[in-house]
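FYI, the numbering just counts along the sequence from 1. What's counted below: heavy atoms across the whole structure, side chains too, no hydrogens, waters or symmetry copies.
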Amino acid sequence: MIKPASRINTIELSQIRKMFEITNPNAINLGIGEPDFNVPKNIKDAMKKSIDDNDTHYTPNKGYIELREEIVKKFKKDNGIKTNPDNIIVTVGASEALYMCAQAFIETNDEVILPNPSFLSYEACINMAGGTIIPVDCKMENEFKLKAEDVQEKISSKTKAIILNSPSNPTGAVMEKEDIKAIADLSQDHNFLIISDEIYEKIIYDKKHYSPAKYSDNVITLNGFSKTYAMTGLRIGYLTANETYTEELLKIHQYNIACASTTSQRGAYEALTGPQNEVEKMIKEFRKRRDLIVKRLNEMNYETVNAEGAFYVFPKITDEDFVMKAAKAGVITVPGQAFGSNGKNHVRMSYANSYENIEKAMNILEERVVNG
Ligand code: PMP
């Protein structure tokens, strides 16, 4: 047997995926992290056409210029970020963008401040790059919103970066503008990088999304098409940063990926330039489901924050066997602890499932888990 590299010694495969593999296929899945909607027709048509037109060759490493120009317009319109096509890299999902950030900027002895709980890949990417994680608690009393004063306490001379994710996976929390701005100021004062994962920015109710890159030059902004346009399997995302950071990031992308899929890039171009009514419909539907799941969980006395974004709720559930009991009864959920120690006594439930299924799932929990 050949020994694997020590940099992956401590990396574990995702517990969430493992759990899906062992559970009953007829169970209602509230564990999933992707929209249950299909890719809008105009996007599918654009991709089909690009294949028929033999538009299937390599693109520039950073992506098609037309697509990068549209991404520049999107950043200006939605995020108030001034950038240009040279400072955009089209990636294989936000996942690749995240990996690029870690590989390009994090090394041994670097500290990376990480919200606890947070998306599983952050920890793995930091570990693979050799960095040290400095967790900062997202407290239920603050509706799981990351607060600038809590971040400030964690800053040291070794702080290299912080990862922000608003709206958040797994809590659905949307950060306040003043915290985003204060952390952006800290990044300038203490010279560290903000890796801002904004993949859920459009899945947001009532609140407005703010990008730290509007307030600081030390920011790499990550985004993608997986959530907003239900394009998870098409693996397409993007990032922007200043010119110096972009050139460093390109080294990882160029020698690892060359370029994102041409077909998916064509779909992404159509997603940005075509009608947005499917997105609006999807968000409206997510809001209805959020209202339902929060109401039902609270009625079962599981304290649940009325999450303002993404498609997750993170109720407080202290029964350690809840996830197993729910799975046996036919509802798949994810233990909060999978997302960090602060997720203990919580369960992540995704409402990227139909209204009817969420209703059924809540009935099952009520009858067979709470009162069972
Ligand atoms: N960031 C977060 C917070 C996510 O939840 C996910 C997907 N689960 C990703 C990034 C990765 O998305 P993509 O499909 O664009 O790689």
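The number of heavy atoms from other shown groups lying within 6.0 Å of NZ (Lys207) is above 12. Atom NZ of Lys328 has 12 or fewer neighbouring heavy atoms from other residues, nucleotides or ligands inside a 6.0 Å radius. Shown here is Glu149, whose CD atom has more than 12 heavy atoms of other residues, nucleotides or ligands within 6.0 Å.
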(request) Begin with the C-alpha distance, continue with both residues' side-chain angles, and end with the deciding distance and a verdict on ring pair (Phe, Tyr, Trp, His ring centres under 6.0 Å) for Phe314 and Tyr302. (result) CA-CA 10 Å; Phe314 207 61; Tyr302 293 134; over 10 Å; no

(request) Step by step, work out the ring pair (Phe, Tyr, Trp, His ring centres under 6.0 Å) result for His346 and Phe322. (result) CA-CA 10 Å; His346 291 272; Phe322 177 92; over 10 Å; no

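Side chain of Asp137 to backbone of Lys139: no donor-acceptor contact under 3.5 angstrom is found. Judged by distance alone, with hydrogens and angles left aside, the side-chain atoms of Gln276 form a donor-acceptor pair with the main-chain N or O of Ala271 at under 3.5 Å.
A side-chain donor-acceptor contact under 3.5 Å links Asn363 and Arg296. A donor-acceptor pair shorter than 3.5 Å can be found between the side chains of Ser216 and Ser187. Side-chain contact annotation: Asn353 with Asp36, donor-acceptor N/O pair under 3.5 Å absent.
By the side chain to side chain donor-acceptor pair (under 3.5 Å) test, Lys76 is found to be paired with no residue, residues two or more places apart in sequence or in another chain being considered. In this view, Arg287 and Asp206 satisfy the salt bridge (charged side-chain N to carboxylate O under 4.0 Å, His left out) rule, not counting sequence neighbours.
Geometrically, Lys288 engages Tyr355 in a cation-pi contact, judged by NZ or CZ lying under 6.0 Å from the ring centre and within 45° of the ring axis. Figure legend: cation-pi geometry between Lys208 and Tyr210, with NZ or CZ positioned under 6.0 Å from the six-membered ring centre and within 45° of its axis.
In this structure, His209 and Lys202 have side chains that are not in contact, with every pair of non-hydrogen atoms separated by 4.5 Å or more. Side-chain contact check for Met349 versus Pro315: some heavy-atom pair is nearer than 4.5 Å. Within the 4.5 Å cutoff, the side chain of Phe225 has no heavy atoms near those of the Ile43 side chain. Using a 4.5 Å heavy-atom cutoff, the side chains of Pro117 and Arg348 are not in contact. A 4.5 Å side-chain heavy-atom check between Ile293 and Met362 finds at least one atom pair inside the cut-off.
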Listed pairs under 3.5 Å, donor-acceptor, residues 101-114 side chains, sequence neighbours left out:
| from | atom 1 | to | atom 2 | distance (Å) |
| --- | --- | --- | --- | --- |
| Asp110 | OD2 | Glu107 | N | 2.8 |
| Asp110 | OD2 | Lys160 | NZ | 3.2 |
| Glu111 | OE1 | Ser156 | OG | 2.8 |

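Electrostatic pairing of Arg266 and Asp55 counts as a salt bridge here, judged by a charged N lying under 4.0 Å from a carboxylate O. Using a 4.0 Å cut-off between charged nitrogen and carboxylate oxygen, Lys281 and Glu285 do not count as a salt-bridge pair.
Each of Phe286, Phe119, Tyr205, Tyr312 was compared with Tyr200 under the ring pair (Phe, Tyr, Trp, His ring centres under 6.0 Å) criterion, and only Tyr312 meets it.
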